[in-house]
Amino acid sequence: QVQLVESGGGLARAGDSLRLSCAASGLTFGTYAMGWFRQAPGTERESVAAIGGNGRNTYYADSVKGRFTISRDNPSNTVYLQMNSLKPEDTAVYYCAADSGPGRGWYATLEPRDYDYWGQGTQVTVSS
């Protein structure tokens, strides 16, 4: 079965950097678009970033553009989220997700409903 396991969350101060990783198994990784999403207490899950299966196309929410970078290493079945210049409002549980829809070898979406599989999440807490 498909498993997605996030790691790399933790405590940070405003302005710090963190890198999240998501290790995938049970799927043909390069044919799946991968996305990062987050959810803070009392809020809906929101998109953060997404990347097509071959890694050539990336997409970002406006709130993280210029600060976060999504990347993937297909041989190791891993997707990353490099988070720089962290802000307190980045505090949330971060989830990775996999999407096997048409064209996802190239493209991805930022729409959570398009994603088929989800990890358990990793907490990121940013203090001011």
Please report the interatomic distance [atom1]([X]) to [atom2]([Y]), rounded to the nearest 0.5 Å.
X	Y	atom1	atom2	answer
Tyr32	Asn77	OH	CG	11.5 Å
Gln1	Ser25	CD	OG	7.5 Å
Phe29	Met34	CZ	CE	4.5 Å
Arg19	Ser71	CZ	OG	7.0 Å
Tyr107	Thr58	OH	OG1	13.0 Å
Tyr95	Glu6	OH	CD	8.5 Å

Closest non-hydrogen atom pair, [X] against [Y]:
X	Y	answer
Pro88	Ser128	CG-CB, 3.8 Å
Ala98	Leu27	CB-CD1, 4.0 Å
Asn74	Gly30	ND2-CA, 3.8 Å
Tyr60	Phe68	CE2-O, 3.2 Å
Leu110	Val48	CD2-C, 4.3 Å
Ser47	Ala61	O-CB, 3.4 Å

Run the side-chain donor-acceptor check on residues 79-86: report pairs under 3.5 Å with partners two or more places apart or on a different chain.
residue, atom, partner, partner atom, Å
Gln82, NE2, Asn84, OD1, 2.9
Asn84, OD1, Ser17, OG, 2.9

Arg104 vs Thr109 side-chain heavy atoms within contact, under 4.5 Å: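 Yes, at least one pair of side-chain atoms sits under 4.5 Å.
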Please lay out, stage by stage, how Leu20 and Val124 fare under the test side chain to side chain contact (heavy atoms under 4.5 Å, CB included). CA-CA 9 Å; Leu20 304 183; Val124 172; 4.0 Å; yes
Whether the side chain of Thr91 engages the backbone of Val126 through a donor-acceptor N/O pair (distance < 3.5 Å, no angle test) should be reported. yes
Quick test of your reading of the model: are Lys87 and Asp90 salt-bridged, counting only N-O distances below 4.0 Å?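 Result for this pair is no, no salt bridge flagged.
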Quick one: list whatever passes ring pair (Phe, Tyr, Trp, His ring centres under 6.0 Å) with Tyr115, sequence neighbours left out.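 Testing Tyr115 for ring pair (Phe, Tyr, Trp, His ring centres under 6.0 Å), a comparison that skips the adjacent residues, returns Phe37.
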Check whether the side chains of Tyr94 and Arg38 place a donor and an acceptor atom closer than 3.5 Å, and report yes or no.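 Arg38 and Tyr94 do have a side-chain donor-acceptor pair below 3.5 Å.
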